[in-house]
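Worksheet for the structure shown next.
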Amino acid sequence: MEKPVIILGDGLLGSLLAYRLRQVLPEIEFKLYEQSSVLGGFEPCSFRSSDCESSLPWLSPLISQSWESHHIKFNKFEKWITDPYHLIDSRRLNEVLKTSIGPDIVKLNNEKSLELALQESSFVIDTRNICHYKKKGFRKHLILEMELVEDHHLIAPVLFNAGVDRKDTFRTIRYFPLSSKKLILKDFWFSENNHINTNEMRNAAIATIGLMGWKIKKVIREDFGISDFPLSSPIIPQEGRVVSLAGIFHDTTGSSMPLITKLVDRMVKTSFRFGELREVVLTFKNENAIDKKFFQFLNKLMIEDRQEIFEAVYQQPYPVLERFSRGELTMFDRSRILFGKSGYQIKKMMNLILPYSTVPPVHLAKPE
């Protein structure tokens, strides 16, 4: 009897792969070993319709809330964008995935070693982000789900509100309204060190909420975390019969949904044999290699030079922003984002960009 495929999970990628594999190739025998106590991780996941357009039909059951637009707000400019925005809450995700995949397949709280997994399987798909960076920063996050004393008056998500005191750390904030008085705040800190001061982050978030004129009635959920912020290309260990999916995320934003869904859709269109899967994954990573190097360069500008990279990105016309979010920039897009930086920085990126051409940013009106 042929041994099953084993998926070593550490969050969203392994869970969505198992979910889609069960739907499309139910004849494939596999096991999912998840390190956490829940599938998909604890962090709410958000994305635009344009990020995962071809995957929306199978993602729809996982979506807990959607909005018809979203609001980009910086000190110097703001714009409303009429691209629907979606939120996948970790609780809904876990419930749907556990029911769909099946209890016999999912092994929670199980940090199985790669060696044991290889012994028990025909091959292993390792979705854990096990890799080494010669140089990296850190992306720290605080997630607060809260109920306010009064209405917050938000009609859509607010992304990258830069009207906050960042001190010596680059910081971005996102608000997601759940009801008239409930919302989720995601506060990201980008830093050269991996130390999380939970009290400092919590107090800073509460101060920001106060600046918005809001008062907290009750904190429903609070979560802290940290992830790598790559400043160089990853070094990924190469094992025998292992398909490694390390590094499948947007190096600058940290978002993984656009890349995950695209790769998962490609994987389930194969016969799901080791050789074919390995070739599909290698091809996918090669297609994204230039963009990832560009994002790592942007990360250096943010960490080392305190450059307002997100501001430079979000002033671009929306088609450029769409491609940035999906990790599919053209050489022309890269030149637009970098325009205005020092000549030294432009020279370093000349092998990746073309001359800049002026096209005014498109600011959409606030929806009625």
Side-chain angles (χ1 to χ4, degrees), residues 11-12 38 40-47 64-65 67 70-76 78 85-91 93 137-229 249-250 252-256 299 302-303 306 308-311 313-314:
L12 192 62
V38 299
F42 291 94
E43 182 180 348
C45 174
S46 57
F47 61 97
S64 54
Q65 195 143 353
W67 301 268
H70 53 286
H71 189 190
I72 307 297
K73 187 175 182 181
F74 284 84
N75 284 334
K76 298 177 182 178
E78 61 181 292
Y85 212 90
H86 309 284
L87 182 73
I88 296 180
D89 179 80
S90 57
R91 289 164 294 196
L93 177 70
F138 299 91
R139 182 189 296 105
K140 309 166 189 179
H141 74 254
L142 163 63
I143 298 171
L144 280 178
E145 182 179 345
M146 68 197 87
E147 181 180 352
L148 303 179
V149 174
E150 299 178 339
D151 288 4
H152 47 64
H153 301 297
L154 297 181
I155 63 173
V158 181
L159 309 184
F160 301 111
N161 185 341
V164 294
D165 178 13
R166 294 188 302 274
K167 297 182 180 179
D168 61 344
T169 302
F170 189 87
R171 183 178 172 211
T172 65
I173 292 178
R174 310 179 192 184
Y175 305 107
F176 299 93
L178 303 179
S179 65
S180 61
K181 295 182 180 179
K182 288 184 180 180
L183 59 82
I184 290 176
L185 176 147
K186 297 176 75 173
D187 194 349
F188 295 91
W189 297 44
F190 301 83
S191 174
E192 293 178 279
N193 67 75
N194 62 353
H195 174 66
I196 291 185
N197 186 325
T198 56
N199 288 329
E200 181 185 16
M201 293 184 72
R202 184 186 297 112
N203 291 337
I206 292 173
T208 300
I209 291 167
L211 289 174
M212 295 292 292
W214 300 332
K215 293 183 180 179
I216 300 175
K217 178 180 180 180
K218 178 174 61 175
V219 174
I220 300 170
R221 182 170 42 163
E222 178 185 70
D223 180 58
F224 294 90
I226 187 168
S227 59
D228 292 338
F229 190 56
F249 61 90
H250 194 298
T252 297
T253 67
S255 174
S256 57
N299 295 350
M302 278 207 291
I303 292 290
R306 305 298 175 193
E308 297 279 4
I309 296 303
F310 285 121
E311 186 169 309
V313 170
Y314 278 83

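Predicted, not measured: the structure shown is a model, and the values here were computed from it.
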Partner set under ring pair (Phe, Tyr, Trp, His ring centres under 6.0 Å) for [X], not counting sequence neighbours:
{"X": "F310", "result": "F160, F170"}
{"X": "H152", "result": "none"}
{"X": "W67", "result": "none"}

What closest approach, in Å, do [X] and [Y] show between heavy atoms, and which atom pair accounts for it?
{"X": "P177", "Y": "L183", "result": "CA-CB, 4.0 Å"}
{"X": "I196", "Y": "G225", "result": "CD1-O, 3.4 Å"}
{"X": "F249", "Y": "G254", "result": "CB-O, 4.3 Å"}
{"X": "M302", "Y": "T252", "result": "CE-CG2, 4.0 Å"}
{"X": "P44", "Y": "I184", "result": "CG-CD1, 4.3 Å"}

Mind checking whether [X] and [Y] have side chains closer than 4.5 Å, heavy atoms only?
{"X": "F138", "Y": "F190", "value": "no"}
{"X": "L12", "Y": "L93", "value": "yes"}
{"X": "P157", "Y": "Y175", "value": "no"}
{"X": "R174", "Y": "S46", "value": "yes"}
{"X": "K186", "Y": "H141", "value": "no"}

side-chain hydrogen bond (donor to acceptor under 3.5 Å, both in side chains) partners of [X], counting only residues at least two apart:
{"X": "S227", "value": "R139"}
{"X": "H86", "value": "S49, S66"}
{"X": "E145", "value": "R91, R221"}
{"X": "D187", "value": "R171, W189"}

Listed partners of [X] passing side chain to side chain contact (heavy atoms under 4.5 Å, CB included), at least two apart:
{"X": "S191", "value": "K140, T169, N193"}
{"X": "E192", "value": "I303, R306"}
{"X": "K182", "value": "E147, L178, S179, I220"}
{"X": "I206", "value": "R202, I216"}

Evaluate the criterion side chain to side chain contact (heavy atoms under 4.5 Å, CB included) for residue pair S256 and H250; output intermediate values, then yes/no. CA-CA 6 Å; S256 57; H250 194 298; over 6 Å; no

More than 12 heavy atoms of other groups within 6.0 Å of E150 CD: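 No - once you tally the heavy atoms of other residues, nucleotides and ligands closer than 6.0 Å, there are 12 at most.
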
Checking K76 now: which residues fulfil salt bridge (charged side-chain N to carboxylate O under 4.0 Å, His left out) with it, not counting sequence neighbours?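 So K76 forms a salt bridge (charged side-chain N to carboxylate O under 4.0 Å, His left out) with E311.
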
List the steps and the verdict of side chain to side chain contact (heavy atoms under 4.5 Å, CB included) for F188 and F229. CA-CA 12 Å; F188 295 91; F229 190 56; over 6 Å; no

From [X] [atom1] over to [Y] [atom2], what is the distance, rounded to the nearest 0.5 angstrom?
{"X": "L148", "Y": "W214", "atom1": "CG", "atom2": "CH2", "result": "7.0 Å"}
{"X": "E222", "Y": "L142", "atom1": "CD", "atom2": "CG", "result": "6.0 Å"}
{"X": "M146", "Y": "K181", "atom1": "CE", "atom2": "NZ", "result": "15.0 Å"}
{"X": "S64", "Y": "L87", "atom1": "OG", "atom2": "CG", "result": "4.0 Å"}
{"X": "C45", "Y": "D89", "atom1": "SG", "atom2": "CG", "result": "11.0 Å"}
{"X": "I143", "Y": "F176", "atom1": "CD1", "atom2": "CZ", "result": "9.5 Å"}

Is a side-chain N or O of S180 found less than 3.5 angstrom from the main chain of D151, in a donor-acceptor match?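 It does not hold such a pair.
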
